[in-house]
Amino acid sequence: MFTLCSQNVAARNLVLSLCLFFLFCFVCCTPPGDPIKCSSKTTNCTITNTYGTFPDRTICHAAAAAYPTNEDELVEVIASATKNKIKMKATTRYSHSIPKLVCPNGEDGLLISTKYLNRTLSINESTMTITVESGMTLRQLINDAAKAGLALPYAPYFWGVTVGGMLGTGAHGSSLWGIGSSVSDYVVGLRIVTPAGPEDGYAKVQKIDVGQADLDAAKVSLGVLGVISQVTLKLQPLFKRSVTYVTKDDSDLAEQAASFGKQHEFADITWYPGHRKAIYKIDDRVSLNVSGNGENDFPGFRSTPSLTLALIRTIEENEESAGDADGKCIYSELITSALALSGYGLTKNGILFTGYPVVGYQNKLQSSGTCLDSLEDALITACPWDPRVKGQFFFQTAFTIGMSKVKNFIQDVQKLAELEPKSLCGVELYDGILMRYVKASTAYLGKQEDGIDFDITYYRSKDPMTPRLYEDILEEIEQIAVFKYGGLPHWGKNRNLAFDGVIKKYKHARKFLKVKEEYDPEGLFSSDWTDQVLGLKNGLEIVKDGCALEGLCICSQDSHCAPTKGYFCRPGKVYKDARVCTHLKSLQNKPV
Ligand SMILES: *[C@@H]1O[C@H](CO)[C@@H](O)[C@H](O)[C@H]1NC(C)=O
Ligand SMILES: *[C@@H]1O[C@H](CO)[C@@H](O)[C@H](O)[C@H]1NC(C)=O
Ligand SMILES: *[C@@H]1O[C@H](CO)[C@@H](O)[C@H](O)[C@H]1NC(C)=O
Ligand SMILES: *[C@@H]1O[C@H](CO)[C@@H](O)[C@H](O)[C@H]1NC(C)=O
């Protein structure tokens with residue numbers, strides 16, 4: 001999520017100095033815009049995600065938006081829509097999910113924002129539980145828990161996501177220890193408002209406690225059961241961690257990956273496959289009496305001057321159009337070196353990085369995202385992906401591979417990297433492939449077995465018909481992961497094709513669908529997208545010219561690629577069953 005690259009020395013130095021500027025300085029920023037926009041106050045609305053566009057580049061429409069401020073108001077909103085058979089969707093304050101989970105079907109639906117459902121309702125220090133409203137951000141949750149001396153042990157690294165959103169999509173941190181790495185694994189109760197018949201006033205609050213089977217449906221639900229109003233999470237006493245990053249070459253990564261996760265509670269690995277490097281995060285709990293007040297402010301989630309963002313994007317666009325793979329490799333080296341020098345945003349006290357280990361409290365180290373901090377400054381600075389400025393525009397492919405297949409998957413990617421040595425520098429411009437450990441979950445739509453989640457962010461052209469440099473290699477990795485090794489796509493990320501047949505990978509899918517049928521028999525909270533991923537409707541793949549470039553289809557004919565630009569549909573290089581858009585001369589240093 002962090003880019004830097006350039007064509008000539010002058011520009012490179014400028015970029016580097018700007019880059020160092022924002023690595024080491026604190027700048028304030030404009031908070032992200034509201035994903036819901038209505039032409040009058042709360043009617044005639046559109047919705048997108050925080051990146052300003054869905055995988056198919058459409059935006060969604062809705063007749064109206066509602067902003068309940070407590071559970072009673074939420075019940076009223078859902079009752080009135082149910083009575084009128086209006087399609088609904090819960091939406092969040094920032095809307096960080098990439099696929100169309102927030103879109104009600106058609107144009108006459110209702111958006112129910114959880115923006116004002118953001119309070120902590122109670123904290124019980126003796127049972128170590130916290131009850132919060134579902135629109136609360138991870139950041140608020142971490143802070144409120146810490147004030148009571150409590151901590152959520154594993155969570156996403158970006159704190160701009162909400163409790164309801166994390167549960168809806170199965171969001172997770174990294175750990176093979178404890179009862180699980182997903183936030184949903186810590187849910188011990190929740191309240192969800194669902195449609196109901198006239199006898200119940202058209203809406204009812206379902207209270208689901210730990211031990212009730214429905215919790216396994218409701219704690220990862222894609223939003224199709226109703227709107228979660230409150231969540232009770234089991235926490236732990238606030239603890240300290242000690243973090244050290246160690247850089248190695250990636251020659252034994254395939255062997256090391258599985259065992260490393262067992263050695264350290266918060267382990268993860270950042271893989272730079274273009275430079276054959278792996279950054280191992282050695283990260284463990286330590287006693288509270290170990291000194292240290294470390295903090296984490298990951299550079300990729302900091303507010304960044306919009307001039308810097310525009311320059312970085314322009315340089316990458318130029319490299320893409322010039323087919324300059326060497327340029328990408330040189331600048332990815334620069335950027336990852338700068339990140340390493342900065343301690344990946346870790347500091348000993350919020351100001352200085354003075355070396356490893358960095359020891360600090362869990363709440364100061366577990367997540368970050370200071371680009372959300374609000375000071376309206378007319379977009380002089382912004383989150384790097386804010387669509388209102390020229391900045392990052394990317395695909396994010398994220399999937400979990402079962403532990404027994406991780407070794408083969410890594411070796412396949414390494415074979416591709418050997419065949420096309422410069423092909424994977426591009427992902428390093430977005431800080432490489434993040435490998436996080438996840439545990440099997442009891443949630444019906446949660447992780448099915450222990451494994452490693454691979455998170456890959458890469459360049460997306462503003463023009464849907466323009467292929468990416470080494471288009472074929474990342475397409476092949478995506479298909480190897482999802483089809484050859486049966487990887488589970490992250491519900492809140494990915495491109496359409498990754499969800500092809502996904503529901504067959506979940507052993508308890510049928511139980512989930514039964515609960516959905518019971519809670520929302522008319523499917524008011526379902527949409528084409530959720531029906532498609534749940535295997536209830538066809539149409540997940542959108543077949544048209546250039547569709548494979550956007551991940552809307554797997555190519556089966558050349559027109560799905562870009563034949564006029566030299567890209568044709570061909571089998572993969574390592575996985576022969578893959579069908580990818582290959583530049584036929586395979587002369588990747590020629591202009592595309
Ligand atoms: C809804 O909004 C769109 C664009 O903002 C506008 O063109 C259209 O006229 C509006 N429709 C109504 C019924 O207000
Ligand atoms: C809840 O969100 C609203 C709207 O963003 C904000 O004004 C308010 O301060 C938030 N409340 C808490 C307790 O954070
Ligand atoms: C905390 O939970 C325990 C066990 O459920 C209960 O007895 C106690 O009253 C709760 N304390 C508070 C302050 O709610
Ligand atoms: C820190 O606490 C542990 C027990 O939690 C104790 O065994 C150890 O001696 C303490 N170390 C210091 C330096 O106080």
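The chain is numbered in sequence order, starting from 1. This is a predicted model, so every value here is computed, not measured.
- Using a 4.0 Å cut-off between charged nitrogen and carboxylate oxygen, R468 and E320 do not count as a salt-bridge pair.
- Looking at D200, its side chain never comes within 3.5 Å of a backbone N or O of A203 through a donor-acceptor pair.
- At a threshold of 4.5 Å between non-hydrogen side-chain atoms, the residues L74 and N70 do not count as touching.
- Among pairs with a residue in residues 85-119, those fulfilling disulfide (SG to SG under 2.5 Å) read C60-C103, at least two apart in sequence or across chains.
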task = Take F499 and W529 through the test ring pair (Phe, Tyr, Trp, His ring centres under 6.0 Å) and record every step on the way to the result.
result = CA-CA 10 Å; F499 295 99; W529 176 255; 5.4 Å; yes
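- The residue from F158, Y430, F394 that alone fulfils the ring pair (Phe, Tyr, Trp, His ring centres under 6.0 Å) condition with W385 is F158.
- C561 and Y567 make their closest contact through CB-O, 3.4 Å (heavy atoms, listed as atom of the first residue, atom of the second, distance).
- Contact of the T304 side chain with the C371 side chain is not registered, since no non-hydrogen atoms from C-beta on lie closer than 4.5 Å.
- Between the NE2 atom in H96 and the OG1 atom in T162 there is a gap of 10.0 Å [rounded to 0.5 Å].
- Shown here for F512 and L225, the closest heavy-atom pair between the two residues is CZ-CD2, 4.3 Å.
- For F395 and Y458, the ring centers sit closer than 6.0 Å to each other.
- Between the side chains of D431 and Y344, no donor-acceptor pair of N or O atoms lies under 3.5 Å.
- Between C581 and C555 the SG-SG gap reaches or exceeds 2.5 angstrom.
- In this structure a side-chain-to-backbone donor-acceptor pair under 3.5 Å is present from N84 to S80.
- Counting only distance, with no hydrogens or angles, the side chain of S441 and the backbone of A443 share a donor-acceptor pair below 3.5 Å.
- A donor-acceptor pair is defined here as one N or O able to donate and one able to accept, closer than 3.5 Å; such a pair exists between the side chain of T314 and the backbone of A310.
- Heavy-atom contacts from other residues, nucleotides or ligands closer than 6.0 Å to NZ of K390 number more than 12.
- A side-chain contact (heavy atoms from CB on, under 4.5 Å) with D531 is found for exactly one of N105, L540, L536, namely L536.
- Nearest approach of P32 to T50, heavy atoms of both residues: CB-OG1, 4.2 Å.
- T82 places a side-chain N or O within 3.5 Å of a backbone atom of I78 that can act as its donor or acceptor partner.
- A donor-acceptor pair shorter than 3.5 Å can be found between the side chains of D144 and T120.
- Taking a cutoff of 4.0 Å between a charged side-chain nitrogen and a carboxylate oxygen, K115 and D34 qualify as a salt bridge.
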message = With side chain to side chain contact (heavy atoms under 4.5 Å, CB included) as the criterion, how do R139 and D373 come out once you've worked through the C-alpha distance, each side chain's angles and the decisive distance to 0.1 Å?
response = CA-CA 11 Å; R139 180 188 209 174; D373 290 346; 2.6 Å; yes
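- Within a 6.0 Å radius of NZ in K516, other residues, nucleotides and ligands contribute more than 12 heavy atoms.
- Residue T137 comes nearest to G160 through the heavy atom pair CG2-O, 4.3 Å, listed as atom of the first residue, atom of the second, then distance.
- Residues L222 and T530 share a closest heavy-atom pair of O-CG2, 4.2 Å.
- For the residue pair S40/T43, the side-chain donor-acceptor check at 3.5 Å is satisfied.
- One finds the CZ atom of R460 at 4.0 Å from the CD atom of E550 (value rounded to the nearest 0.5 Å).
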task = Start with the C-alpha distance between F54 and V102, add both sets of side-chain angles, then the distance that settles side chain to side chain contact (heavy atoms under 4.5 Å, CB included), and finish with yes or no.
result = CA-CA 10 Å; F54 293 112; V102 288; 3.9 Å; yes
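- With E133 contributing its side chain and N118 its backbone, the two residues share a donor-acceptor pair below 3.5 Å.
- The 12-atom threshold is not exceeded at CG of N538, counting heavy atoms of other residues, nucleotides or ligands nearer than 6.0 Å.
- The OH atom of Y202 sits 14.5 Å away from the OG1 atom of T194 when rounded to the nearest 0.5 Å.
- By the 30° and 60° cut-offs, the orientation of the rings of F454 relative to F399 is parallel.
- With hydrogens and angles disregarded, no donor-acceptor distance shorter than 3.5 Å links the side chain of S184 to the backbone of L167.
- Contact of the I380 side chain with the P305 side chain is not registered, since no non-hydrogen atoms from C-beta on lie closer than 4.5 Å.
- Under the 3.5 Å distance criterion, the side-chain polar atoms of W159 are left unmatched by any main-chain donor or acceptor of Q140.
- The distance from atom NE2 of H172 to atom OG of S181, rounded to the nearest 0.5 Å, is 6.5 Å.
- Using a 3.5 Å distance cut-off with no hydrogens or angles, the side chains of S95 and N49 do not pair a donor with an acceptor.
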task = Quick one: do S174 and D268 satisfy side chain to side chain donor-acceptor pair (under 3.5 Å)? Show the steps, please.
result = CA-CA 6 Å; S174 184; D268 71 30; 5.2 Å; no
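- Taking 4.5 Å as the limit, some side-chain heavy atom of L111 sits within range of a side-chain heavy atom of P104.
- One side chain, K447 or T400, offers a donor N or O that lies under 3.5 Å from an acceptor on the other.
- In terms of modelled atom types and a separation under 3.5 Å, the side chain of S134 and the main chain of V132 share no donor-acceptor contact.
- Counting only N and O atoms by type, the side chains of D297 and S368 include no donor and acceptor under 3.5 Å apart.
- For K544, the NZ atom is loosely surrounded, since the number of other residues' heavy atoms within 6.0 Å does not exceed 12.
- Salt-bridge annotation for R313 and E317: present, with a side-chain N of the basic residue lying under 4.0 Å from a carboxylate O of the acidic one.
- Inspection of the T131 and Q230 side chains reveals no N or O donor paired with an N or O acceptor under 3.5 Å.
- Contact annotation: the side chain of T91 approaches that of I36 to within less than 4.5 Å [non-hydrogen atoms, C-beta and beyond].
- The two atoms that bring M465 and D545 nearest to each other are SD-O, 3.7 Å, heavy atoms only.
- Side-chain atoms of T58 and D56 form a donor-acceptor pair, as typed in the model, at a separation below 3.5 Å.
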message = The test is side chain to side chain contact (heavy atoms under 4.5 Å, CB included); show your working for E471 and L549 and say whether it passes.
response = CA-CA 8 Å; E471 177 75 35; L549 304 174; 3.7 Å; yes
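- Donor-acceptor pairing under 3.5 Å is lacking for the side chains of Y154 and D185.
- To the nearest 0.5 Å, the span separating OG on S526 from NZ on K89 amounts to 6.0 Å.
- A donor-acceptor pair under 3.5 Å links the side-chain atoms of D520 to the main chain of F525, judged by distance alone.
- Remark: K462 qualifies as a cation-pi partner of F393 under the 6.0 Å distance and 45° angle criteria applied to the six-membered ring.
- Considering CD1 of I98 and CZ of R495, their distance stands at 11.0 Å, rounded to 0.5 Å.
- In this structure, K207 places its NZ atom where only 12 or fewer heavy-atom neighbours from other residues, nucleotides or ligands lie under 6.0 Å away.
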key: Full working for side chain to side chain contact (heavy atoms under 4.5 Å, CB included) between E319 and L469   = CA-CA 9 Å; E319 281 172 347; L469 201 51; 5.7 Å; no
